[in-house]
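Below is the structure I would like to discuss, written out as structure tokens.
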2 protein chains.
Amino acid sequence: MQARASITDVARLAGVSTGTVSNVLNHADRVRPATLAKVTRAIEALDYQPNANARTLAAGSSRLTGLILPDLGNSFFVDVARGAEAAAEEAGHVLMIAHSDGRLEREQRYLKAFDEERASGVLLGLNDDDHFTALLGSLGRRLPTVSVNLSVPSALSCSVSADNEHGAYLATCHLAGLGRQRLAFVGGPLGLRPIRHRAAGFDRAVKEHAIEHVRTVDPAGVSRADGWSAGQELADDARAGRIDGIVASTDLLAVGVVQALQMAGVAIPGDIAIVGYDNNQATWNSPVAITTVQQPGEAIGRVAMRLLLKEIADGSTHAHETAILEPTLVVRASTVG
Amino acid sequence: MQARASITDVARLAGVSTGTVSNVLNHADRVRPATLAKVTRAIEALDYQPNANARTLAAGSSRLTGLILPDLGNSFFVDVARGAEAAAEEAGHVLMIAHSDGRLEREQRYLKAFDEERASGVLLGLNDDDHFTALLGSLGRRLPTVSVNLSVPSALSCSVSADNEHGAYLATCHLAGLGRQRLAFVGGPLGLRPIRHRAAGFDRAVKEHAIEHVRTVDPAGVSRADGWSAGQELADDARAGRIDGIVASTDLLAVGVVQALQMAGVAIPGDIAIVGYDNNQATWNSPVAITTVQQPGEAIGRVAMRLLLKEIADGSTHAHETAILEPTLVVRASTVG
DNA sequence: TTGTATGCGTTATCAA
DNA sequence: TTGATAACGCATACAA
């Protein structure tokens, strides 16, 4: 806990001015090799660590970048973090993550923290449209921000998200391609926009392939328990052969459905083929491996960080962009035995 | 992207000095209600956000606290983050998380970043003793640090970790209590200290209960695939009744073992009762729910943050502390059918 | 190529 | 209770 050396200490020990030390730190080319060596030696002798606060204050810009995430337990967001971190590192920026737990109050708290630290920008991971609206006011158009996961009007902000409509479309086409003709859709809360988009993709594929949308089950949540009850609702139709395929709007729902149906004597994928959504690690040990839609989490993080860095570089001339990335289908045993 | 208002702007608009504005920000009691109202109004009119960099520079202390984690995909570390965050929030500190991916180079990078930001302290989550040694030099005793997950000599640093020996002891006693007499231990790389401790706890319980330690299987890693091959190795003994219980050093190993044994016609828990370790979410969908040892992740995070804040407050009078928290047993179907 | 001086936005000390 | 002013550590014109 010795006192920290400052740039002045380094300058004194090296026998140069503070300006020169600053130059070896930021513009090594502007300084003669001999003095550079002298200064470098002093820096090491004193174990000097530049003060980022002073630097940010004087330079008016920072290398700190933030990422606010709603759910670290969701491997999708962890992927986003990986991608964002990689892109930040390439650009010489430092990424720090804050965990909001999906609570508006914490999102505000951390947004404010990054703002007060004068971070160069922040990636905002939200699950709920309303939160974006609420935060819009409190970030008052000064801190460059990119919305990840939620697509927002480009008049308001950059955003990067996955094409949920297309993902569900892919999943449904997959079933159609396997000859399934009578499908059910197991939704989640249609209040969540991503879920609505998935339902829309399902509908489009059903129409395009001229197959039958037998019924929709709309559980209260997206957990395995919700899937379990949805599966019980569907058991009769399944046994009677009135449906032969299911698209579930999340993997957890799919797992629950599978368990309920197997309990009811339905063979998977023999009688019923089923597709989930998210490629959630939490389902990797399901008795029947679930075919699913993989969100491009890492790509989302990467692209979002690039957009953010661009916005930072552009300054006031910046025009917001919206990127929507395509998910991919991961085929497993729940559709092809 | 309008220019940000500074404390000077606020002072001018309110018709007071910057010192007074600073007082309403930090010592509201020292200022007359009337002027407080005036200043508050000015702050809101200008949408003023204090500059944390300037504050840290002038005050010589910060409210920023860091947490470096090796694996966001591991629910244990996510729990640690939750606990640390809660304790930080209670103390009015802000927690920012950096993801090192277990790579020393990144651990160094982020440690340096927190140091340069003059964070008040950092929680260092490591998996490998060698990394701690390597980092010890580069953090040079200035930035208050608490090691989470890895217990280190209290001469070097505070640390908070789980009692791995006791956890495995609990697991083994559980089997003994169920009447199991002939146990096998499925280890992992004994190069990792936590694994060695788990093996030691197993041994102690075996001796205490005077039951038999039939054999140890020592796979190369801790993945499910490693468990699978371990299970195959054990299949003959299991079928022949030469063993009736297994303690695995991780849940993933346990899942693999279960799958291999079931494949070989062994009934679980009828023929073999098996306990895992970690309460890993990734195994929640195992065909047989795995009895496991739950690490007190959230408590570790909480305690670690409290120790850190104490160290910060203590200053140079600080003496490092070592906390070792007790895990708990979570009983599931793999031991009690 | 290097040194000097000024300012970045705050806090804290000391007078008033 | 408030105001003036000197740090805090650094970057950056500008001068030499």
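In what follows, every chain begins at residue 1, and chains take the letters A, B, ... in the order their sequences are listed.
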With side-chain contact (heavy atoms from CB on, under 4.5 Å) as the test, would you mind laying out the steps for L156(B) and L136(B) before giving the verdict? CA-CA 8 Å; L156(B) 300 178; L136(B) 205 51; 3.8 Å; yes
Take L95(B) and H93(B) through the test side-chain contact (heavy atoms from CB on, under 4.5 Å) and record every step on the way to the result. CA-CA 7 Å; L95(B) 181 72; H93(B) 276 241; over 6 Å; no
Checking side-chain contact (heavy atoms from CB on, under 4.5 Å) for the pair R4(A)/R118(B): CA distance, chi angles, key distance, verdict? CA-CA 11 Å; R4(A) 287 169 183 279; R118(B) 298 302 188 260; 3.4 Å; yes
Sidechain N-carboxylate O distance under 4.0 Å for D115(B), R142(B): no
Side chains of N149(B) and N127(B): do they bring a donor and an acceptor to under 3.5 Å? yes
Under a criterion of less than 4.0 angstrom to any heavy atom of chain B, what are the 5'-terminal and 3'-terminal contacting nucleotides of DNA chain C? dG9(C) to dA12(C)
Base, sugar-phosphate alone, or nothing: which one does T35(B) contact when heavy atoms must sit under 4.0 Å apart? sugar-phosphate
Quick one: bend of the helix from dT1(C)-dA16(D) to dA16(C)-dT1(D) from 5 pairs per end, to 10°? 40°
Looking at N53(A), L57(A), T56(A), which one forms a side chain to side chain contact (heavy atoms under 4.5 Å, CB included) with N51(B)? L57(A)
Crowding at NZ, K112(A) (>12 non-hydrogen neighbours, <6.0 Å): no
Salt bridge R302(A)-E90(A), side-chain N to carboxylate O under 4.0 Å: yes
Report yes if at least one side-chain N or O of R32(B) is closer than 4.0 Å to OP1 or OP2 of dT2(D); otherwise report no. yes
One thing to verify: whether D128(A) and R193(A) come together as a salt bridge, which I'm taking to mean a side-chain N less than 4.0 angstrom from a carboxylate O. no
What string of B, S and - do you get for nucleotides 8-16 of chain D 5' to 3' if you count protein non-hydrogen atoms under 4.0 Å? BBBBB----
Does F114(B) form a side-chain contact (heavy atoms from CB on, under 4.5 Å) with T65(B)? I'd like the steps, not just the answer. CA-CA 8 Å; F114(B) 283 121; T65(B) 257; over 6 Å; no
